[in-house]
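Single-structure report; data block below.
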2 protein chains.
Amino acid sequence: MKLKTKDSNTETDILNAAEVIFQRKGLDGARMQEIADEAGINKALLHYYFRSKQLLFETVFHKAFSLIAPQIKSILDDNSSIEDKIKNFTHNYITFISEHPYLPNFIFQELNRNTDFISKVQKTIGFPTIDKFKKQLEREVKKGTVIPIKAEQLFINILALNIFPFLAKPLIKSITNTDENTFNHLMEERKTEVSNFIINAIKRK
Amino acid sequence: MKLKTKDSNTETDILNAAEVIFQRKGLDGARMQEIADEAGINKALLHYYFRSKQLLFETVFHKAFSLIAPQIKSILDDNSSIEDKIKNFTHNYITFISEHPYLPNFIFQELNRNTDFISKVQKTIGFPTIDKFKKQLEREVKKGTVIPIKAEQLFINILALNIFPFLAKPLIKSITNTDENTFNHLMEERKTEVSNFIINAIKRK
DNA sequence: ATAAGGTTTAACCAAATGGTTAACAAAGAT
DNA sequence: ATCTTTGTTAACCATTTGGTTAAACCTTAT
């Protein structure tokens, strides 16, 4: 029986370092030497544990995506009401991303660079689909509690309002002339602001 | 008097090629040889006209940003009503980006990678600020035509709903299970869908 | 103790890459 | 016509980079 967990685990050190560097510089911008330095180890060890840059990257990307996928799934597959889903997702997502500010950029950038990743990840992770959400929304529209809107459009809007500010942070900070603290405060406000905005937009009057 | 415009202009060829490659691969992922091939010229010519990869990139980035900045400026500085601004921006922006689908990704990615770009660009382009929009919105809130909302938040929401779908295209296509045509159709719908959504959200009932 | 297996390192390597050079071609200017 | 400037190319160069190797170092089961 091989117990690998001596109190300093090289493999974990590498993954953490790779996460930092890849999220900061992207696949192409990252250097293996840089990752090794960040992890405080010899470069050859990276290849000993993860064979190639590509494989190391895919491991990191997969891990990052696994963190975000369940949150999106919660909009689509939970059993709560549309209104509750919007409230919960908005609050939870903004809280989560405030602690992982590089994540969305990293994921969307690499997803755009290499479309294959989606299909790769789709196979290994329980990947959400829109079907259940669609039926739920159609029911509420029929009941008349919600104005007519396509599930796809509402779904896009929910994601957009929550995720975009973090993708556009440098631009937003510059145009609204806010410093780091004020920006964070704006995001904090959005935990309720965004859900009110959406619910206002779709509630029948 | 030096008339440079013989009917094939190498400098323009290079810029067009660089635009394609940089937008597809990013600063780090692009290869000078690849740009030369795309332009159909010798690699040394790139350096003859633009000295270094960095400078060529900055020229391309600047040009790209110059295309988007005036559109954002129109939300902030136009003299029309808030409602008209939202309608016009939504329609114009989605039309514009549908013809330049790589643009937003390119800009936001490089802006996140290298924050200095913002200050560089800010100096050379008439860069929009939020002040005028803020006053306009405060007036409308006081009049009671619009529910209370911070200018910053509304501005972020407008940008988010319009820009995000293009940044998240691969993810959205995958989750909503739509092909290229259906996606384009969704975006076409959004030209009115998004402005209705926003106006619904902020109109006092 | 020591043999065995996993872990770590310094040194090395080939390919790729941004950039340069020197020679050549084309186009104006005189 | 020829001289000068501008545009273009093939060949070259130094450095960077992902990846390999062979030896050294631990840990541990016997």
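Every value quoted in this text rests on a predicted model; they were computed, and no experiment measured them. Chain A is the first sequence line, chain B the second, and so forth, proteins listed ahead of strands; every chain is numbered from 1. The figures here come from the full heavy-atom set of this structure, side chains too, leaving out hydrogens, waters and symmetry mates.
Judged purely by atom type and a 3.5 angstrom limit, A:Gln33 has no side-chain atom pairing as donor or acceptor with the backbone of A:Lys43. Between the A:Asn114 side chain and the A:Glu110 main chain, no donor and acceptor come within less than 3.5 Å of each other.
Between C:dT8 and A:Thr10, a contact under 4.0 Å exists linking OP1 or OP2 to a side-chain N or O. OP1 or OP2 of D:dT16 has not a single side-chain nitrogen or oxygen of A:Arg31 nearer than 4.0 Å.
The separation between B:Arg51 atom CZ and D:dG7 atom P is 17 Å, rounded to whole Å. For the pair A:His47 NE2 and C:dC12 P, the computed distance is 19 Å after rounding to whole Å. In this structure, CD of B:Gln33 is placed 17 Å from P of C:dA15, rounded to the nearest angstrom. The nearest whole Å value for the distance from the CE atom in A:Met32 to the P atom in C:dC12 is 21 Å. Rounded to whole angstrom, the span from the CD atom of B:Glu11 across to the P atom of D:dT8 amounts to 11 Å. A:Leu45 has its CG atom 13 Å from the C1' atom of D:dA24, to the nearest Å. Atom CD1 of A:Ile35 and atom P of D:dG19 are 11 Å apart (whole Å). The nearest whole Å value for the distance from the CG atom in A:Leu46 to the P atom in C:dT7 is 15 Å.
Considering only side-chain atoms of B:Tyr49, the nucleotide from C:dT8, D:dG19, D:dT8 that sits closest is D:dT8. Of the candidate nucleotides D:dT9, C:dT17, D:dT8, D:dT9 has the atom nearest to the side chain of B:Ile41. Of the candidates D:dG18, D:dT20, D:dT8, the closest approach to any side-chain atom of B:Tyr48 belongs to D:dT8. Of the listed nucleotides (D:dG7, D:dG18, C:dT9), C:dT9 has the atom at the smallest distance from the side chain of A:Asn42.
One N or O donor and one acceptor, one from the side chain of B:Lys43 and one from the base of C:dG19, sit under 3.5 Å apart.
Of the candidates B:His185, B:Lys191, B:Arg190, B:Glu188 forms a side chain to side chain donor-acceptor pair (under 3.5 Å) with just one, namely B:Lys191.
Atom-to-atom distance recorded for A:Leu154:CG and A:Ile149:CD1 is 5.0 Å, nearest 0.5 angstrom.
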